[in-house]
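See below for the structure under consideration.
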Amino acid sequence: MECDKKYITIQQLEQHNKAGDLWISINGKVYNVSDWSKYHPGGETPLLNLAGKDVTDAFTAYHPTTAWQYLNKFFTGYRLKDYEVSEVSKDYRNIIHEFTKAGMFENKGHTAVFTLTSVAAMFGFVFYGVLCCNSLWVHLCSAMVLGMAWIQSAYIGHDSGHYIVMSGHGWNKFVQLITGNCLTGISIAWWKWTHNAHHIACNSLDYDPDLQHIPVFAVSSRLFNSVTSSFYGRKLEFDYMARILISYQHWTFYPIMCVARVNLYIQTLLLLFSKRQVQDRTLNIMGIIVFWTWFPLLVSWLPNWSHRVMFVLTSFVVTSIQHVQFCLNHFSANVYVGPPNGNDWFEKQTNGTLDISCSPWMDWFFANELTIRTLKMAAMEARDVNNSGVSKNLLWEAVTIHG
């Protein structure tokens, strides 16, 4: 009965906002995830970033429908007394419900097989070009193909990291380790650590690690005030060195993108050999060992040092296309300071992301698969039919965030 239900206010919920005392709200029901946070598959950071808030939209976006059945064991018995949902969030939840009911977020099936097969074919071409040919031009072509294979592997690692490539959790984790650690040398554990925090606090200058590149880059003049990073737990000092480097970032951006991959290797090693709690640390280290075995051996097979240096640089330069793409998606969008608010989470996601339209022939290269294009069309049609008032871009972002 309604009279038997217990209520707390949003202000009372906000008091439970730290490790060891971490409450959240989903659809107005309050859950205590203090003990669960350390076992959360997405890491503790996303929960801490939204601690003491309503997380309905974020939970819906990043969890399969099967996750809802596990919530009851964390239920505190309380409900939010002053729980309200914004009109945009209502439209977002409705469209997600309709798409889920229609099966649009099911695994891609043939698309995943095609992408995995294309990556295997590209790696086969690379090994053939290096091991069986002596021509510099063949080696340079092989390096370019290797760069493209790394790009596609990263997209598969991304999608499997969100558990949407294979049918089961275990198979997705297997694909993560193969396409991430073994093929690209970038730890899937490091990716999850930073990427989940990025998604929860998209384009927050102090909570989103993907915007925290001081002293090399600054995406907003607000970083000139030496913002404290909630993610890294330290101050991002805008010191004399940062002033010099950032004053020339319009010249250094593209050259740095050409070797940005080196930073990803360094970040991987720093995390895996740190004292932080890392999920599947041993498996991640083993995967990195596989990469640092086959890649140096492949490069060493080239006939001389000039071929080797050009091969490595060429492969890195090709992958810079992906680095630039990711920067375009967020660096030019709106930013803010502070943690995300549960009830405006969806708006912040869309305000902090740019949807860059490409020609259909570019879809494969930039990982815009056929099924995603179909969802985009469905979102637009849904808007026209329902006349919900949500823009086509917002609906499309709803699809891309969820799927």
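Source: prediction; values computed, not measured.
Taking the centre and axis of the six-membered ring of Y232, the NZ or CZ atom of R234 falls inside the cone set by 45° and 6.0 Å. Remark: K348 qualifies as a cation-pi partner of Y336 under the 6.0 Å distance and 45° angle criteria applied to the six-membered ring.
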Before giving the answer on side-chain contact (heavy atoms from CB on, under 4.5 Å), spell out for N196 and T45 the whole-Å C-alpha distance, their side-chain angles and the decisive distance to 0.1 Å. CA-CA 8 Å; N196 289 336; T45 301; over 6 Å; no
Determine, stepwise, if the pair L313 / M310 fulfils side-chain contact (heavy atoms from CB on, under 4.5 Å). CA-CA 5 Å; L313 285 178; M310 285 189 285; 5.9 Å; no
Between D54 and I24, does a side-chain contact (heavy atoms from CB on, under 4.5 Å) hold up when you go through it step by step? CA-CA 6 Å; D54 178 75; I24 57 175; over 6 Å; no
Would F295 and W150 count as a ring-ring contact (aromatic ring centres under 6.0 Å, His included) here? Give the steps. CA-CA 12 Å; F295 182 55; W150 278 340; 5.4 Å; yes
Run the numbers on F311 and M144 for side-chain contact (heavy atoms from CB on, under 4.5 Å), then give the verdict. CA-CA 8 Å; F311 180 88; M144 293 174 66; over 6 Å; no
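The NZ atom of K5 sits 15.5 Å away from atom OH of Y78, with the distance rounded to the nearest 0.5 Å. Here NZ of K235 is found 12.5 Å from CD1 of I214. Values are rounded to the nearest 0.5 Å. Taking OG of S37 as the start and CG of N32 as the end, the distance is 9.5 Å to the nearest 0.5 Å. For the atom pair L146 CG and L298 CG, the distance stands at 7.0 Å (nearest 0.5 Å). Here the CZ atom belonging to F75 is positioned 6.5 Å from the OH atom belonging to Y31, to the nearest 0.5 angstrom. For the atom pair NE2 of H63 and CD1 of I26, the computed distance is 7.5 Å after rounding to the nearest 0.5 Å.
In summary, the side chains of Q176 and K192 do present a donor paired with an acceptor at a separation below 3.5 Å, with no hydrogens or angles considered. Side-chain contact of Y265 with R261: a donor-acceptor pair under 3.5 Å is present, judged by distance alone. For the residue pair S229 and Q212, a side-chain donor N or O sits within less than 3.5 Å of a side-chain acceptor on the partner. For the 3.5 Å distance criterion, the side chains of T9 and D82 fail to qualify, holding no donor opposite an acceptor. S118 and T115 are not linked by any side-chain donor-acceptor pair at a separation below 3.5 angstrom, with hydrogens and angles left out of the test. Side-chain polar atoms of S89 and D57 form a donor-acceptor pair below 3.5 angstrom.
Of all the heavy atoms in I188 and G157, the pair that sits closest is CD1-O, 3.9 Å. The heavy-atom pair separating L302 from R308 by the smallest distance is O-NH2, 3.0 Å. In terms of heavy atoms, A333 sits closest to N203 at CB-ND2, 3.8 Å. Nearest heavy-atom pair, V130 versus S142, reported as atom, atom and distance to 0.1 Å: N-OG, 4.2 Å. Nearest heavy atom pair, residue N181 against residue F291, reads O-CB, 3.3 Å. The two atoms that bring F224 and A218 nearest to each other are CE2-CB, 4.0 Å, heavy atoms only.
Taking the side chain as every heavy atom from C-beta outward, R222 and V337 approach each other to under 4.5 Å. Counting only heavy atoms from C-beta outward, the side chains of N27 and Y83 approach each other to under 4.5 Å. Using a 4.5 Å cut-off on side-chain heavy atoms (C-beta onward), V30 and R79 make no contact. Taking the side chain as every heavy atom from C-beta outward, F326 and Q322 approach each other to under 4.5 Å. Contact check for W193 versus F231: side-chain heavy atoms found under the 4.5 Å cut-off. Looking at heavy atoms from C-beta onward, H139 lies out of side-chain contact with W301 at the 4.5 angstrom threshold. Inter-residue side-chain proximity for N284 and R281 is flagged as unmet; no heavy-atom pair is nearer than 4.5 Å. L264 is listed as a side-chain neighbour of H323, based on a closest heavy-atom distance under 4.5 Å.
Here the side chain of T314 pairs no donor or acceptor atom with the backbone of A143 at under 3.5 angstrom. Of the possible polar contacts, one joining the N17 side chain to the E14 backbone as a donor-acceptor pair under 3.5 Å is found. With hydrogens and angles ignored, the 3.5 Å screen pairs no side-chain donor or acceptor of T194 with any backbone N or O of P209. Side-chain atoms of S315 come within 3.5 Å of backbone atoms of V312 as a donor-acceptor pair (strictly under, hydrogens ignored). Using a distance-only test at 3.5 Å, with no hydrogens or angles considered, no donor-acceptor pair links the side chain of S332 to the main chain of L328.
Taking the ring centroids of W191 and H158, they lie under the 6.0 Å cut-off.
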